[in-house]
2 protein chains.
Amino acid sequence: MKDLVSRCPIEEVMQVLSGRWPTLLVYYLKDGTKRFADLRRDNPTVSHRILTLELRKLEAAGVVQRTAFEGYPLRVEYDLTPAGLALVPLIDAISDWWEQNAPARSAASDVAEMPTPQVAS
Amino acid sequence: MKDLVSRCPIEEVMQVLSGRWPTLLVYYLKDGTKRFADLRRDNPTVSHRILTLELRKLEAAGVVQRTAFEGYPLRVEYDLTPAGLALVPLIDAISDWWEQNAPARSAASDVAEMPTPQVAS
DNA sequence: GCATGGTGACAAAAAGGTGCGTAATTTACA
DNA sequence: TGTAAATTACGCACCTTTTTGTCACCATGC
């Protein structure tokens, strides 16, 4: 998260989507408008500070729309932008990919060290 | 990267794909077999040590296949596993998504603070 | 003595967390 | 009637944990 500028787009997206929370927040927001407290309930392990920071990051990236209402108690709503909505199926796809390839991971365990297959030239 | 176990798959994948390097390494490996030094050339900013650690992580996740040959100088080859190959189009899709939504990001800038649209109830 | 892929000790930086303060209004209750 | 507390979203200061990086060093055969 230094520049948000790099040669290849993957590096840039990852500056936004890397970390524990961004994808998770998108995931929870796909159900529709949520308030700050809703998102905290959805994921009780985020600290309030990190949640605000992450939401701001996603807002800056154009993934999340933040709408603040005046008056007390404060009220702020978060939604996915169209861009954010477009991201949802992609995250789902990666999620599916993981689930499909998870069995392979647990099967091939840590036995295979230094396979030494050929000697080659 | 504590447990690699969580309620929802997204959290798990992100433990593997989060960070600057994992997706980038997959990206470079999609061209085919690469040796350690090749990957360093592809991305000169990874430190040598981090590269080994990241590759190990991807290997453990079943994304990358590591093949070590005996003899000196040492020779180690890295390839994508079938799972890793399956991941490539997904990363590309996210990459494309970013490129398509990049203009929107620079257009909507930081002017809109406290929009105060309705007052609601 | 260089090249290859790697390790371990340690330092720096980033990510994440805790807890307190703030605001205006409502509710609790004595 | 007066006061205390809760509510909501957040900023700030400080701290811990995790990640990433630097540096030196190993192994061996040409």
Residue B/Thr52, side-chain atoms from C-beta onward, closest of D/dT8, C/dA3, C/dG6: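 Output: C/dG6.
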Could you state the atom-to-atom distance from [atom1] of [X] to [atom2] of [N] in whole Å?
X	N	atom1	atom2	value
B/Phe69	C/dG5	CZ	P	11 Å
B/Leu58	D/dT19	CG	P	14 Å
A/Leu25	C/dG16	CG	P	11 Å
A/Glu54	C/dA15	CD	P	9 Å
B/Glu77	C/dT4	CD	P	14 Å
A/Leu53	D/dC12	CG	P	11 Å

DNA chain C contacts among residues 28-41 of chain B, heavy-atom distance under 4.0 Å: B/Arg35, B/Phe36, B/Ala37
For nucleotides 26-29 of chain C, tabulate all protein N/O to nucleotide N/O atom pairs closer than 3.5 Å, reporting atom names and distance.
none

Under 4.0 Å protein heavy-atom contact, by nucleotide of nucleotides 21-27 of chain D - B base, S sugar-phosphate only: BB-----
Phosphate OP1/OP2 of C/dA23: any A/Arg75 side-chain N/O under 4.0 Å: no
Is the shortest distance from a Lys or Arg side-chain nitrogen in [X] or [Y] to a carboxylate oxygen in the other one below 4.0 Å?
X	Y	value
B/Lys34	B/Glu77	no
A/Glu59	A/Lys57	no
A/Arg35	A/Asp38	no

4.5 Å side-chain heavy-atom contact, B/Leu55 and B/Tyr78: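 B/Leu55 reaches B/Tyr78 side chain to side chain.
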Aromatic contact, B/Phe36 with B/His48 (centres under 6.0 Å): yes
